[in-house]
Each structure stands twice: as structure tokens, then as C-alpha cells.
Amino acid sequence: MTAAAYSQGVAPFYDLFEGDVGRADEALALVQRHVEAGASVLDVGAGTGTLALTLASAGYRVTALEPDPEMHGQLLARLGARRDLQDTLTPLPRGAGFALGCNFDAVVCFAVFHLINARERHTLVEHAAQHLLSGGCLLLDVAVDGSERCDQPRTLTAERRLGETLVRKYVTMRRMGTGRWLTTWELVTMRGETVIDTCTRVFDWQPMAPTDAEAMLVQHGLAIEQRHADNSGAPFVLGASRSLLLVARKR
């Protein structure tokens, strides 16, 4: 996977909003259902490290790959304040495809697959399979098209007040005619009624057919064990669910 500029200015805003913490706790519960405590975990596309730190705090030995410089910088800053995790969390400014010279009990990859192209998806799955121990577990979420996914007008989804500064996050989602989607984040920083900074990031991404995603895992020697709609373990409903959480094992 190439180290394409993902964040483009939004990385510093990730940890302002508490929703990521809730998702990390849910992802931790998912990992705990499939991977023994103390196991080694490779987190591909670790972002600012919310999940990686959560897993390491729960006793897992974590290697976190994050190629985007801004995101990796935020991860390092957060890890710098956690000396208790310096022996159990290894951050690396690399993406899938980087040979690590070791194997893991589990590989996790969340909120990444839909943002990369077809070649990079194959590279990621191949990388996961190559770095799993026999019987190791891959946890991968895949954005799919379903009736639960619909266009969203510009919507205020979160805000955070810091003293006299207010930061608001607006999200817009629009389906394109080519089967792709455009998701726009607007991070607006205000003091009183005055806008003092705006950061906008447009994500151009594409869902994947569930059958294609599963075939890709099987092609690389991974056996599908479970299918869920998300990290909570809710059942996947073909044609309705907006995401597919795959649990697979290395044969």
C-alpha cells in the first residue's frame, strides 16, 4: 500500500470527538471474542492510534502500521504520554506490504478498505495472510452498498468546546453515478460567532460487493468463519447492511 496523503489536515481533529473512543471499545470487545488475551495483533491503518492504544491497554501486544505522516504523528504524540505501553505497542510509519519479519495471532483492519483501490486491497489481504500465524484471525470491515446507506445533506455530527473555542464537524455524503461516493468533512473552528479556521477534506471512495470481498480472502488462504454487520456482532443482511465485518482464519 502506498503512503497516500489521507488526512490532508484532519488528523489533529480526530481525537477531539469522543465517538472514536466508543468505537474502539466496541472493536476491543470484538477482538476479545476471537483472540486470546495477551496475543499479538497487527493493526493495519491504525490512524491516530485509538484502537491500538485500547488493545495495548487491554494486554495485547500491538504493532500499528500507519503510513500517513499526519496520522502517524498524532499516534506518536499520544503514545508519548503512555510510558506504560512503550513495551507493548510498536508504531511503524508504513502501510500494508511492508515485510515485518514476524507473524501475528491476529490482524485487524477497520475503516480502511473502502478508501484504497483494488490493487491496494489485494496487497492488504495478501499482507495480512502472510503475517498471520497458522490459525490466526483476520478481522476486516468492508463498506458495501445496502439500503441502510443513503445520501446525507450537510449535517452537524459533533462539536467540542475548548474554553472559548468551539470546533464543529459537518459531514456530507453523496452517491455518484459511477457507484462511488463522496464524503465531505468540514472542521470549523469558531470563537464566539467568528469562524477562525476551516479544514475541509473530501473522501472519494467505493463500496465493494460482499462476494468479491469474501473471494479475495479465500484466494489468499483465509477461511471465512463469521459475517456481521459491524463490530457489535449484529447480523449481516445482504442488500440492507451498509458494512460487512468478516472474521476469517488462516488455514
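For clarity, every value in this text was computed on a predicted model and none was experimentally measured.
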Near Glu159 CD, under 6.0 Å, is it more than 12 heavy atoms from other residues, nucleotides or ligands?
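Atom CD in Glu159 is packed in, count exceeds 12.
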Return yes when atom CZ of Arg251 has more than 12 non-hydrogen atoms of other residues, nucleotides or ligands closer than 6.0 Å, and no otherwise.
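Counting other residues, nucleotides and ligands, CZ of Arg251 exceeds 12 neighbours.
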Testing the 3.5 Å rule here: is there a donor-acceptor pair between the side chains of Thr50 and Arg78?
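Yes, because at least one side-chain N or O of Thr50 sits under 3.5 Å from a partner of the opposite role on Arg78.
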Passing option when Phe113 is tested against Val125, Leu246, Val44 for side-chain contact (heavy atoms from CB on, under 4.5 Å):
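So the option named by the test is Val125.
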For Leu89, the option from Leu79, Asp84, Val41 that meets side-chain contact (heavy atoms from CB on, under 4.5 Å):
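Testing Leu89 for a side-chain contact (heavy atoms from CB on, under 4.5 Å) against Leu79, Asp84, Val41 leaves exactly one candidate, Leu79.
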Please check: side-chain N/O of [X] versus main-chain N/O of [Y], any donor-acceptor pairing under 3.5 Å?
| X | Y | answer |
| --- | --- | --- |
| Ser243 | Ala229 | yes |
| Arg191 | Glu164 | no |
| Asn103 | Gln130 | yes |
| His131 | Leu100 | yes |
| Arg174 | Asp151 | no |
| Arg201 | Gln8 | no |
| Asp105 | Ser40 | yes |
| Tyr60 | Val35 | yes |
| Glu66 | Gly49 | no |
| Thr63 | Thr90 | no |

Taking all non-hydrogen atoms of both residues into account, name the closest pair between [X] and [Y] and its distance.
| X | Y | value |
| --- | --- | --- |
| Asp68 | Tyr6 | OD1-N, 2.8 Å |
| Gly47 | Leu75 | O-CD1, 3.7 Å |
| Ala143 | His114 | CB-CB, 3.7 Å |
| Gly233 | Arg33 | N-NH2, 4.0 Å |
| Thr123 | Ala96 | CG2-O, 3.8 Å |
| Pro91 | Leu76 | CG-CD2, 3.7 Å |

Please assess Arg175 against Trp181 for the test side chain to side chain contact (heavy atoms under 4.5 Å, CB included), listing each intermediate value before the final yes or no.
CA-CA 5 Å; Arg175 186 193 299 267; Trp181 286 78; 3.3 Å; yes
In Å, rounded to the nearest 0.5 Å, how long is the span from [atom1] of [X] to [atom2] of [Y]?
| X | Y | atom1 | atom2 | result |
| --- | --- | --- | --- | --- |
| Leu124 | Met216 | CG | CE | 9.5 Å |
| Met190 | Thr198 | CE | OG1 | 9.0 Å |
| Leu139 | Cys109 | CG | SG | 10.5 Å |
| Gln219 | Glu126 | CD | CD | 9.0 Å |
| Asp145 | Met208 | CG | CE | 13.0 Å |
| Cys137 | Lys250 | SG | NZ | 13.0 Å |

Heavy-atom side-chain contact between [X] and [Y] under 4.5 Å:
| X | Y | value |
| --- | --- | --- |
| Tyr14 | Met71 | yes |
| Pro210 | Val142 | no |
| Val167 | Thr189 | yes |
| Phe98 | Pro67 | no |
| His228 | Ser241 | no |

Do [X] and [Y] sit in the same hydrophobic cluster, where Ile, Leu, Val, Met, Phe, Trp and Tyr count as joined when their side-chain heavy atoms come under 4.5 Å apart?
| X | Y | answer |
| --- | --- | --- |
| Ile224 | Leu222 | yes |
| Leu182 | Met173 | no |
| Leu244 | Ile116 | yes |
| Ile196 | Leu162 | no |
| Phe110 | Leu53 | yes |

Apply side chain to side chain contact (heavy atoms under 4.5 Å, CB included) to the pair Arg249 and His34, showing each step before the final yes or no.
CA-CA 10 Å; Arg249 295 274 175 189; His34 298 283; 4.2 Å; yes
Please check if the distance between the ring centroids of Phe203 and Trp185 is under 6.0 Å.
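Yes, they do, as the ring centres are separated by less than 6.0 Å.
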Between Asp43 and Val108, does a side chain to side chain contact (heavy atoms under 4.5 Å, CB included) hold up when you go through it step by step?
CA-CA 5 Å; Asp43 183 3; Val108 300; 3.7 Å; yes
Using the rule given for side chain to side chain contact (heavy atoms under 4.5 Å, CB included), can you reason through His127 versus Leu65, listing the C-alpha separation, both sets of side-chain angles and the distance that settles it, and then say yes or no?
CA-CA 12 Å; His127 178 83; Leu65 298 183; 3.7 Å; yes
